[in-house]
Amino acid sequence: MAQSQGWLRRYFKAFCKGFFVAVPVAVTFLDRVACVARVEGASMQPSLNPGGSQSSDVVLLNHWKVRNFEVQRGDIVSLVSPKNPEQKIIKRVIALEGDIIRTIGHKNRLVKVPRGHIWVEGDHRGHSFDSNSFGPVSLGLLHAHATHILWPPERWQRLESVLPPERFPIHSNDE
């Protein structure tokens, strides 16, 4: 009996040591490096959730890639909603700071993206709450860069940074 209690005590002690090391490492990894998230809604169709409400894509979100606010036109990013800070949204970067963009339904037909901001839009024009509703988004609201679809298995793929041809900026700082 005493021998089994000694084994149990050693097991519990080893478990606690592992737990108190593993949990902070896991939390740090998920907060600073990468995590996964389920994408809901139709705003990014057909890139994400092409099946509509029947399915939800699960994507890999890379925090490390946006730590220095380095994003490109066409990137799919996760960001804190400018209208509801408790909600995260996923959109495509259309324009960078200094770009002049032709808007779709925004109060101004042309917008020059201010310094420290980006212009984001959903791929499904009629069903997206994006910069056309709330204007340019501060880079400080960037959460992560969506890099891969992980679920469902038949949709495993890398998410390419592709800008729809009709959404190129009228003028960009690259020119």
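The analysis underlying the following values was restricted to heavy atoms, covering all of them including side chains, and did not include hydrogens, waters or symmetry mates. Values in this document were obtained by computation on a predicted structure and should not be read as measured data.
- Using a 4.5 Å heavy-atom cutoff, the side chains of Val77 and Leu142 are in contact.
- Within the structure, salt bridge (Lys or Arg N to Asp or Glu O under 4.0 Å) pairs that include any residue of residues 81-93 comprise Arg92-Asp123 (at least two apart or interchain).
- Residue pairs meeting the side-chain hydrogen bond (donor to acceptor under 3.5 Å, both in side chains) criterion with at least one member in residues 157-168, sequence neighbours excluded, are Asp75-Ser161, Glu121-Arg167, Arg125-Glu166.
- Contact check for Thr147 versus Ile76: no side-chain heavy atoms found under the 4.5 Å cut-off.
- Taken to the nearest 0.5 Å, the OG atom of Ser133 stands 12.0 Å off from the NZ atom of Lys107.
- Leu141 and Val93 end up in the same hydrophobic cluster when Ile, Leu, Val, Met, Phe, Trp and Tyr side chains are linked at under 4.5 Å.
- With a 4.5 Å cut-off on side-chain heavy atoms, Lys65 and Glu70 do not count as touching.
- Atom CG of residue Leu139 and atom CZ of residue Arg115 lie 10.5 Å apart, to the nearest 0.5 angstrom.
- A pairwise comparison of heavy atoms in Pro169 and Asp99 identifies CG-OD2, 3.6 Å as the closest pair.
- The shortest distance between side-chain heavy atoms of Val111 and His106 falls below 4.5 Å.
- Closest heavy-atom contact between His63 and Ala144: ND1-CB, 3.7 Å.
- Residues Val59 and Leu159 have side chains in contact (heavy-atom distance under 4.5 Å, counting atoms from C-beta outward).
- A continuous path of ILVMFWY side-chain contacts below 4.5 Å connects Phe129 to Leu79, so both sit in one hydrophobic cluster.
- Taking the salt bridge (Lys or Arg N to Asp or Glu O under 4.0 Å) definition, one finds that Arg38 meets it with Glu40, sequence neighbours left out.
- The side-chain contact (heavy atoms from CB on, under 4.5 Å) search around Ser131 returns Trp119, Val120, Phe134, Val137, not counting sequence neighbours.
- Under the side-chain contact (heavy atoms from CB on, under 4.5 Å) criterion, Gln87 pairs with Ser81, Asn84, Ile89, not counting sequence neighbours.
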Practice task
Would you sort out whether Val71 and Leu96 count as a side-chain contact (heavy atoms from CB on, under 4.5 Å), showing the intermediate values?
Solution key: CA-CA 8 Å; Val71 292; Leu96 305 173; 4.0 Å; yes
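- Side-chain contact between Ile170 and Ile101: absent, with no pair of heavy atoms (C-beta onward) separated by less than 4.5 Å.
- Rounded to the nearest 0.5 Å, atoms SG (Cys35) and CG (Leu60) are 7.5 Å apart.
- Shown here for Gly116 and Glu97, the closest heavy-atom pair between the two residues is N-OE1, 2.6 Å.
- Expressed to the nearest 0.5 Å, how far CG of Asp130 lies from CE of Met44 amounts to 10.0 Å.
- Contact annotation: the side chain of His143 approaches that of Leu61 to within less than 4.5 Å [non-hydrogen atoms, C-beta and beyond].
- Of all the heavy atoms in Pro50 and Pro46, the pair that sits closest is CB-O, 3.8 Å.
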Could you list the donor-acceptor pairs under 3.5 angstrom formed between side-chain atoms of residues 148-156 and any protein atom two or more places apart in sequence or on another chain?
residue : atom : partner : partner atom : Å
Arg155  : NE   : Asp57   : OD1          : 3.2
Arg155  : NE   : Asp57   : OD2          : 3.3
Arg155  : NH2  : Ser47   : O            : 3.0
Arg155  : NH2  : Asp57   : OD2          : 2.8
Trp156  : NE1  : Leu150  : O            : 2.4

